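Quick notes on the structure that follows.
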Amino acid sequence: MTTSSSINKDIVTAVSVTFGAAALGILFYKTYFNKSKCAKSKVNLDLKKDNPKVVDAFDIEDLGDKAVYCRCWRSKKFPFCDGAHAKHNQETGDNVGPLIIKRKEA
Ligand code: FES
């Protein structure tokens, strides 16, 4: 009876330690690895990082006949496209391109 009780106590201890270690492992993974994965997926790598949100607004009357806006966030002339999306697409296999707004030809 004492031996059986001792074995049950050892099993409970082993199971508790195993689940505790598994829970700590999951917590460690979610804390450190998930955050770093999110950081790598940021779209904006270096534009206006001191602003909490990057917003650009233009009056339609000021656009002229055609305006080309960057959607890849790699342009040195952001928010306008400078063609940097081509290099980004070549390096990453992505397929982003600019937003082009133009007046209808009369
Ligand atoms: S440079 Fe970003 S879309 Fe062209």
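In what follows, residues are counted from 1 in the order of the sequence shown. Note that the coordinates shown come from a computational prediction; the quantities given were computed from them, not determined experimentally. Just so you know, ligand 1 is whichever comes first in the structure, and atom 1 is the first atom listed for that ligand.
No side-chain donor-acceptor contact under 3.5 Å links N51 to the backbone of V54. In terms of modelled atom types and a separation under 3.5 Å, the side chain of D82 and the main chain of A84 share a donor-acceptor contact.
Using a 4.5 Å heavy-atom cutoff, the side chains of D46 and W73 are not in contact.
Listed here is the closest heavy atom pair of H88 and V96: CD2-CG2, 3.6 Å.
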Might you work through the side chain to side chain contact (heavy atoms under 4.5 Å, CB included) test for R74 and L45, ending with a clear yes or no? CA-CA 8 Å; R74 304 299 186 272; L45 301 179; 3.6 Å; yes
Going by atom type alone, with no hydrogens or angles, which donor-acceptor pairs under 3.5 Å involve a side-chain atom of residues 55-72 and a protein atom two or more places apart or on another chain?
residue : atom : partner : partner atom : Å
D56     : OD1  : K48     : NZ           : 3.0
R71     : NE   : G97     : O            : 2.9
R71     : NH2  : G97     : O            : 3.4

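Counting only protein N, O or S atoms closer than 2.8 Å to atom 2 (Fe) of ligand 1 gives 2.
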